[in-house]
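Just below is one structure, and these are the notes that go with it.
Throughout, protein chains are lettered first and strands after them, A, B, ... in sequence-line order, and every chain is numbered starting at 1. This is a predicted model, so every value here is computed, not measured. These numbers come from the heavy atoms of this one structure, side chains and all, not from hydrogens, waters or symmetry mates.
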Amino acid sequence: MKSYSRLWLLLAISFILFFVYSMCGPISVCGFEIRTNKLSQSIIAQVDTNLIKVRDDIPEKVVPKFPVPVDTAKKIILFVGDSMLDGLYPRLAAYAKENGHEMYAVIWYSSSTERWGKKHRLTEYINSLNPNYIFVCLGSNELIVKDIKEKRTKYVKSILAEIDTIPFVWIGPPNWKEDTGINEMLAENLPEGTFFVSNGMKFDRKKDGAHPTRESAAKWMDSVVRWMPEHCLHPIVLNKPEADKARAKRVFVHQPGEE
Amino acid sequence: MIDWSETLNNALSLLAYDPKSPMLFSSGLFWAIFLVFMPIYASLKGSRPKMVLFMIFFSLYFYYKSSGFYLFLLVATSFIDWWIALKIAKSESLTVKKWLVALSVTLSLSVLAYFKYANFFLMNWDAIIGANFQPLDIILPIGISYYTFRSISYVVDVYRGKTAPVKYWLEYLFFLSFFPALVAGPIVRACDFMPQLRKEPKISANEVYGGLWLIIIGVIKKAIIADYICQYNNLVFDTPTGYNGFETLMGVLGYTAQIYCDFSGYSDMAIGLALIMGFKLLPNFDFPYRSTSLTEFWRRWHISLSTWLRDYLYIPLGGNRKGTLRTYLNNFLTMLLGGLWHGAAWKFVFWGAMHGAGLAVNKAFRPYTSRFDGKKWFTALSWLLTMITVAFLWIFFRADSWDASWAVVGNILTNFSIDYLPPFVKVRYMWVIMMIIIIVTHSLPRSFYDRLADKFIDSSWLLKLVIFIIVVQTVVTFAGEDVPPFIYFQF
């Protein structure tokens, strides 16, 4: 009975520890971020998490004043970003296949503008794949970064410098909680007609409460594509495919800790 | 600000039936529920009837969480087979006994066939006659293959006189629904399990911490290693033509390691949980990739299934008692049906048939090769041939279709260059590290693990806590956003 009690105590203490830690933001130790688990997120609900209001403080400049002619050339599309790509890229690949584009996806799990901006991985892929259109989906792992403008603006600018003159669309994070300014910071730094604001959309989420389900992510991608002809700085041909999803020509995966 | 009403709803929905979300032993939900389960079980274990009732209640809830009201199928199976086994034991007539066994086996296999194979046969029949059948809307109850086999073995063992019939139905329901082994094995035999139930469970520090040790090992195998390396393996198998031959080969080797870590990790957790409750389940894996022949591989891989197939299929078919050719045929048929047990698809049939053919070839060559036994070069060559065969056949087991399997094979054979090794190691260094860990740990002698387990059991409580926390945090660090279910759940 004593062994039982001690085992129970061991399991209970560690459970409480992980539960409480999951309610706080991740802690950095010597530059390494100790990831949090999803224990509390799947149970504890924050007010308004199911119905996120559309922010009204996004500058108007993200929406161009008039439609731009559609570029009808076949493209080599590079789609880069965090784990949100898991749901997004198969749908974009279906669009690419339908319309004769070639598509590559680079998923860097748990990545952020900081990781991409610091490591210049995008430049490596641009050099090796020669894309002439880029989709970016980043920001989901930075919803609650404090002082985000001070901390992350330079990395967004660094990513933009890497993209250089290649036309692109940046898909904003699908907020599941109020952010501390990532959407506003992106809106301020991204050129007019390149930022698709996902904040305010309603999603069916996976059990982690953050990632849209496959079906919901596909609808998310559909929304981006529907947005492009009227609002994007450089729209391309993306007629709706018959297939729900397709395979990218190649998918590159990077793990959270990869340098 | 916390929305308490929504929080309560979330908690209740987590506990409710969700076919897409079975309760994994390595999940936070199971951890939380086990914290409630443990003190109740500990307080009841001195009183067998109460403990049995409580365990049945908990196991049925565990099953309900993933399979909903199919739990009544489990309850019905247990009642019917318990009743038939009693009748077999009481009957004086051998003919009646035989008919009763036939009735039980037919009923069990019919239910299994309906849920698992009805659409398979329907669609194949449709393909043959060119009709336009639509697949039936059947949901496969999780674990049905496992508990059906356990129930069949019990009835047959009672018929053979190997085990005494269970007097009380609730005790048999306890055995059949025992949650650690319910949904993905091991396929526990009543003759091994029931005697333990009849004694008061002996639970000392050895059992409690030995169980915790096995759970930790299982979590490391499943939730850290298998779940991590599967991310790359899945990419390769999803788009084999998107990768060069070297990368594809790595994906195949990765899957070879993944399926072992996934399934043996699950078995370790199941055995560990049972041990904490005072029940000893037999090992299900014994370093299978050390095997130097397919025969040895099947003595080390999914031991509870391979011994079940041997005792209830191979031997009744005649085993090796009816001549050489018949032995080969029996091996082939046993493995072919073993393949079909894994899933209602031709790829599993092919996989099983090829293993059966491999076993027959192995047996056929044995008289000519036995003189080389003990020679290092022969052992090394045998191991290599066995590993190549096993890994090659995993391709067909894993790939989504026949075409995809051959795309993987073709890619390895026609698009392979060792030049891809340095960039592969550079880019996927963590995957490579994981694979090296698997190879090294698989090569260490069993005595090393026994010593390690003893050291863990004897270590201080605080050290155990630290080890446990480190392992869980490592799981969190390496976890993908979607935790893949145990591969063997689907069977």
Chain A contact via B:Leu212 - side chain, backbone, both or neither, heavy atoms under 4.5 Å: side chain
B:Tyr209 portion near chain A, given a 4.5 angstrom heavy-atom threshold: side chain
Part of B:Glu207 within contact of chain A (heavy atom distance under 4.5 Å): neither
B:Asn233 side-chain N/O to B:Gly254 backbone N/O, donor-acceptor pair under 3.5 Å: yes
Whether A:Trp108 and A:Trp116 hold their rings parallel, tilted or perpendicular, with breakpoints at 30° and 60°: perpendicular
Neighbour count >12 (heavy atoms, 6.0 Å) for atom OH, B:Tyr420: no
Under 4.5 Å from a heavy atom of chain A, the part of B:Leu462 involved: neither
B:Met250/B:Arg428 under side-chain contact (heavy atoms from CB on, under 4.5 Å): CA gap, chis, key distance, verdict: CA-CA 11 Å; B:Met250 292 302 104; B:Arg428 305 203 181 276; over 6 Å; no
Qualifying salt bridge (charged side-chain N to carboxylate O under 4.0 Å, His left out) pairs, either residue in residues 88-114 of chain A, two or more places apart: A:Arg91-A:Asp222, A:Glu102-A:Lys249, A:Glu114-A:Lys118, A:Glu114-A:Arg152
CG (B:Asp400) with more than 12 external heavy atoms under 6.0 Å: yes
Part of residues 5-13 of chain A lying next to chain B, heavy-atom separation under 4.5 Å: A:Arg6, A:Leu7, A:Trp8, A:Leu9, A:Leu10, A:Leu11, A:Ala12, A:Ile13
Check: A:Tyr104 ring centroid to A:Tyr125 ring centroid under 6.0 Å: no
Test item: A:Asn132 side-chain N/O and A:Lys75 main-chain N/O as donor-acceptor pair under 3.5 Å: no
